[in-house]
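One-based numbering along the sequence shown.
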Amino acid sequence: MEVVTVDNQQVVRELQQSFKLDLGESEAIALAEEISASQLLINERAARKVAMARKLPLIGTVGILLLAKRRGLLDSVKDVLDEMQAQGMRISDRLYVQVLTLAQEKDGE
């Protein structure tokens, strides 16, 4: 793993001021643009909206879980989703069912 800092702090400030994003989200978007990232992990709705408008390739936590399952790094997406919900993360019923279908865990596999 490598720690990389954003070169253009002006973009970070503009994102914070214009869209009321947190520092971390602003830096993530700015850095993704600077390095032409293949994926940007962001969950917060406002930041995702800004990133999409800037045509950045997005993935969220749920997408990471599906990717981990497909690569054999995770046995059960359902177990992780259930624990995330128990810890207070909001996941809509529609997304929950959709993710389990994509993970081929519709029957609680």
Distance-only, no hydrogens or angles: does the [X] side chain make a donor-acceptor pair with backbone N or O of [Y] under 3.5 Å?
| X | Y | answer |
| --- | --- | --- |
| Asn8 | Ala30 | no |
| Glu105 | Lys78 | yes |
| Lys20 | Gln17 | yes |

For residues [X] and [Y], report the shortest heavy-atom separation together with the two atoms involved.
| X | Y | result |
| --- | --- | --- |
| Ala28 | Leu40 | O-CD1, 3.7 Å |
| Leu31 | Thr5 | CD1-O, 4.0 Å |
| Val12 | Ser26 | O-CB, 3.7 Å |
| Pro57 | Ala37 | CG-O, 3.3 Å |
| Leu15 | Arg54 | CD2-NH1, 3.6 Å |

In this structure, which one of Leu74, Val80, Ile59 forms a side-chain contact (heavy atoms from CB on, under 4.5 Å) with Ile64? Ile59
In this structure, would [X] and [Y] fall into the same cluster of hydrophobic residues linked by side-chain contacts under 4.5 Å?
| X | Y | value |
| --- | --- | --- |
| Val4 | Val6 | yes |
| Leu58 | Val62 | no |
| Leu81 | Val97 | no |
| Ile91 | Leu102 | yes |
| Leu56 | Ile42 | yes |

Separation between [atom1] of [X] and [atom2] of [Y], rounded to the nearest 0.5 Å:
| X | Y | atom1 | atom2 | answer |
| --- | --- | --- | --- | --- |
| Glu14 | Leu21 | CD | CG | 12.0 Å |
| Glu83 | Ser76 | CD | OG | 11.5 Å |
| Ile29 | Arg48 | CD1 | CZ | 10.5 Å |
| Leu41 | Thr61 | CG | OG1 | 5.5 Å |
| Asp22 | Glu44 | CG | CD | 7.0 Å |

Under a 3.5 Å threshold, yes or no: a donor from one side chain and an acceptor from the other, between Arg13 and Gln16? no
Are Tyr96 and Gln85 close enough that some pair of their side-chain heavy atoms sits under 4.5 Å apart? yes
Leu65 versus Lys69: any side-chain heavy-atom pair under 4.5 Å? no
